[in-house]
Engineer: 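Would you mind keeping the following structure in view while I ask a few things?
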Protein chains: 4
Amino acid sequence: MAEVGGVAGERLRSFVERVERLEEEKAALAADIKEVYSEAKGSGFDIKVLRQIIRLRKMDQSDRREQEELLDIYMRALEM
Amino acid sequence: MAEVGGVAGERLRSFVERVERLEEEKAALAADIKEVYSEAKGSGFDIKVLRQIIRLRKMDQSDRREQEELLDIYMRALEM
Amino acid sequence: MAEVGGVAGERLRSFVERVERLEEEKAALAADIKEVYSEAKGSGFDIKVLRQIIRLRKMDQSDRREQEELLDIYMRALEM
Amino acid sequence: MAEVGGVAGERLRSFVERVERLEEEKAALAADIKEVYSEAKGSGFDIKVLRQIIRLRKMDQSDRREQEELLDIYMRALEM
DNA sequence: GTGGGTTTGTGGCACC
DNA sequence: GGTGCCACAAACCCAC
């Protein structure tokens with residue numbers, strides 16, 4: 001990190017701005033999600049229930065993956 | 001949350017899937033951000049400090065100053 | 001936070017030290033846990049497998065709790 | 001990880017339970033710490049700054065200085 | 001303003 | 001040694 005005002009400064013600025021740009025897009029998506037929840041609420045759904053459903057669906061997936069992974073490492077631990 | 005099993009079921013499914021879709025995209029952006037940090041690291045930048053820079057740029061100036069002043073007061077109180 | 005060197009300073013110091021004390025104890029427990037894993041490894045167990053087992057046992061519990069919670073909020077959403 | 005189902009099964013169970021026991025105690029301490037912060041908050045202290053104080057006290061002086069210097073360099077490079 | 005929950009950041013650990 | 005991963009801790013945000 002020599003060249004405080006020189007080339008490195010340009011690279012640094014570039015990285016910072018790329019991250020900031022991506023974070024903006026991410027924040028926009030978060031806002032979209034919030035809007036969907038809001039719309040759902042307007043249709044009479046309970047947001048807390050919705051969130052829970054989505055969380056459980058995600059968990060089931062990762063749970064299944066974990067189980068498979070456990071089987072896998074058991075097998076390797078037993079040198080099968 | 002009326003009409004369980006009826007028309008509302010369709011709507012519910014639709015909301016759930018929209019949220020899941022958006023969350024996938026959000027996760028993809030998070031991965032992109034991670035990659036940028038990784039690239040910056042490869043260029044010799046300190047990721048932790050980089051994160052701090054981005055945090056400071058986002059933070060309001062007056063809040064930032066306020067926090068620092070409070071920290072200063074506490075440290076003097078503790079004779080650090 | 002007036003009284004930088006006075007009464008408030010004493011209270012501040014007291015809180016800080018209480019937290020530090022508790023964190024020390026917590027760190028000691030973390031070290032104990034690490035030691036148990038180490039001992040298990042010495043007995044021929046695969047640490048990664050062990051961790052996975054413990055994680056799954058914890059997950060199963062919290063999964064069950066989540067399911068119950070979901071049922072509960074469904075019921076409340078349906079005003080049962 | 002040999003002897004699945006035999007004597008090793010007992011040992012395995014023992015290790016798992018010891019870890020789980022220690023993790024419970026650790027969780028209890030975490031709750032205690034949270035409570036201290038809560039009490040401090042009730043006395044008018046800023047929790048965020050309090051945490052920072054504790055972090056700084058734990059951190060090595062030279063590391064702390066190093067981080068600050070790096071931050072300073074980056075900020076000058078970005079003309080912040 | 002307080003608590004809960006979600007998300008982000010940091011540190012430790014294992015593997016390469 | 002250094003890199004990626006995972007778990008814990010902290011910050012943030014919303015709803016009440």
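Since the structure is predicted, the reported quantities are computational estimates derived from the model, not experimental observations. Here is the naming used below: chain letters follow the sequence lines, and residue numbers restart at 1 for every chain.
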Engineer: Output the rounded distance in Å from CD1 (C/I33) to P (F/dC6).
Structural biologist: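 Rounding to the nearest Å, CD1 of C/I33 and P of F/dC6 are 19 Å apart.
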Engineer: Tell me: CG of D/L50 to C1' of F/dA11, nearest whole Å?
Structural biologist: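 Computing the D/L50:CG to F/dA11:C1' distance gives 15 Å.
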Engineer: If two hydrophobic side chains count as joined below 4.5 Å and joins carry through other members, does C/V19 share a cluster with D/M59?
Structural biologist: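 Unlinked, C/V19 and D/M59 end up in two clusters.
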Engineer: Does F/dA9 have its OP1 or OP2 closer than 4.0 Å to a side-chain nitrogen or oxygen of D/R55?
Structural biologist: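 Checking F/dA9 against D/R55, no side-chain N or O comes under 4.0 Å of OP1 or OP2.
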Engineer: Could you tell me how far apart D/R64 (CZ) and E/dT10 (P) are, to the nearest whole angstrom?
Structural biologist: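 From D/R64 CZ to E/dT10 P: 17 Å.
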Engineer: Return yes when atom CD of C/E35 has more than 12 non-hydrogen atoms of other residues, nucleotides or ligands closer than 6.0 Å, and no otherwise.
Structural biologist: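 No, because the 6.0 Å sphere around CD of C/E35 holds 12 heavy atoms or fewer from other groups.
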Engineer: Start at the 5' end of DNA chain F and walk down; is the nucleotide closest to A/K34 or to C/Q52 reached first?
Structural biologist: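 Counting from the 5' end, the first nearest nucleotide belongs to C/Q52.
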Engineer: Starting at CD of D/Q67 and ending at P of E/dG9, how long is that distance when rounded to a whole Å?
Structural biologist: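 The distance from CD of D/Q67 to P of E/dG9 comes to 15 Å, rounded to the nearest Å.
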Engineer: Can you tell which of F/dA9, E/dT10, F/dA10 lies closest to the side chain of C/K26?
Structural biologist: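 Output: F/dA9.
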Engineer: Between A/K41 and D/R51, which residue's closest nucleotide on DNA chain F lies nearer the 5′ terminus?
Structural biologist: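 Going by which nucleotide is closer to the 5' end, it is D/R51.
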Engineer: Considering only F/dA10, F/dC8, F/dA7, which nucleotide approaches the side chain of C/E23 most closely?
Structural biologist: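 Within the option list, the nearest is F/dA10.
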Engineer: Does a side chain donor of either C/R55 or C/Q52 reach within less than 3.5 Å of an acceptor in the other side chain?
Structural biologist: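 Per modelled atom types, C/R55 and C/Q52 side chains form a pair under 3.5 Å.
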Engineer: For D/D32 and F/dA9, what is the distance between atoms CG and P respectively, to the nearest whole Å?
Structural biologist: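 Result: 13 Å.
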Engineer: Where the side chain of C/I47 is defined as all heavy atoms beyond and including C-beta, which of F/dC14, F/dC8, E/dA14 is the nearest nucleotide?
Structural biologist: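 Closest of the options to the side chain of C/I47: E/dA14.
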Engineer: Given that B/Y37 and C/E69 both sit by DNA chain E, which one's nearest nucleotide is further toward the 5' end?
Structural biologist: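 Going by which nucleotide is closer to the 5' end, it is C/E69.
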Engineer: With a 4.0 Å limit, can you tell me whether C/K48 has a side-chain N or O closer than that to the phosphate oxygens OP1/OP2 of E/dC15?
Structural biologist: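 Indeed not, no polar side-chain atom of C/K48 lies that close.
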Engineer: Indicate if A/F15 and B/L56 have the same hydrophobic cluster label, given that clusters are the connected sets of ILVMFWY residues with side-chain heavy-atom separations under 4.5 angstrom.
Structural biologist: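 Same hydrophobic cluster.
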Engineer: Measure the distance from CD1 on C/I73 to C1' on F/dA15 and round it to the nearest whole Å.
Structural biologist: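 To the nearest whole Å, that distance equals 14 Å.
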Engineer: I want to check something: taking the side chain as every heavy atom from C-beta on, are A/D32 and B/E25 in contact at a cut-off of under 4.5 Å?
Structural biologist: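 No, too far: nothing below the 4.5 Å cut-off.
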Engineer: Please state how far atom CE in D/M59 lies from atom C1' in F/dA10, giving the value in whole angstrom units.
Structural biologist: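 Distance, rounded to whole Å: 14 Å.
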Engineer: Between F/dG4 atom P and B/E39 atom CD, what is the distance in whole Å?
Structural biologist: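 The answer, rounded to whole Å, is 13 Å.
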